[in-house]
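Okay, so here's the structure we're looking at.
Bear in mind the structure is a predicted one, so any value in this text is a computation, not a measurement.
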Amino acid sequence: RAKAFFDAVSPLVDIEVTELDVLHLESISCLSYSGIVTYAPHQFVDKKFGGDEKVWDALPKYGDINPFLKVWNSMLLHCFPTSVGQLIGFTAFDQIRGHRTDLAAWGKK
């Protein structure tokens, strides 16, 4: 799972997240922003992609995770995806990798 995740997100690490991007995503309820609380990427990666596996810990085996951390730490460190943001993110991510995520948790199959 870690290699599949790494391969899928690698093309996305060259983006630059701006304050306007965060404000836009917050305004359409895709994420919540907190200037006080910080979120570590492993909280999301392992929870959503790993199951019992520690995907985040395995990522360095497949390549450099520093570009991913640079994107994360620049603006996403204080962001938490909402349920709407997660659904949109999963469908966009699925489109990129040609896969379909099981959305049974949302009552859809």
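- The hydrophobic side chain of Leu23 is isolated, with no ILVMFWY side chain under 4.5 Å apart from it.
- Interatomic distance, Glu26 CD to Ser34 OG, rounded to the nearest 0.5 Å: 10.0 Å.
- Looking at Leu25, Leu76, Asn73 one by one, the single match for side-chain contact (heavy atoms from CB on, under 4.5 Å) with Val17 turns out to be Leu76.
- A distance of 12.0 Å separates CG in Asp21 from SG in Cys30, rounded to the nearest 0.5 Å.
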For this session: Decide side-chain contact (heavy atoms from CB on, under 4.5 Å) for Leu77 and Tyr39; before the verdict, give the C-alpha distance in whole Å, the side-chain angles of both, and the deciding distance to 0.1 Å.
Result: CA-CA 5 Å; Leu77 186 64; Tyr39 301 98; over 6 Å; no
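- Using a 4.5 Å cut-off between side-chain heavy atoms of Ile, Leu, Val, Met, Phe, Trp and Tyr, with links allowed through other members, Val37 and Val22 fall into the same hydrophobic cluster.
- In this structure, CG in Asn66 is found 15.5 Å from CH2 in Trp72, a value given to the nearest 0.5 Å.
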Sequence neighbours excluded and cut-off under 3.5 Å, please list the side-chain donor-acceptor pairs for residues 87-95, or say none.
from, atom 1, to, atom 2, distance (Å)
Thr91, OG1, Leu87, O, 3.1
Thr91, OG1, Ile88, O, 2.9
Asp94, OD1, Arg97, NH2, 3.1
Asp94, OD1, Thr101, OG1, 2.7
Asp94, OD2, Thr101, N, 2.7
Asp94, OD2, Thr101, OG1, 3.0

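- Heavy atoms only, all atoms of each residue included: Glu19 and Met75 are closest at CA-CE, 3.4 Å.
- Contact detail for Cys79 and Leu31: the closest heavy-atom pair is SG-CD1, 4.0 Å.
- If you chain together hydrophobic residues whose side chains sit under 4.5 Å apart, Phe80 and Val84 never meet in one group.
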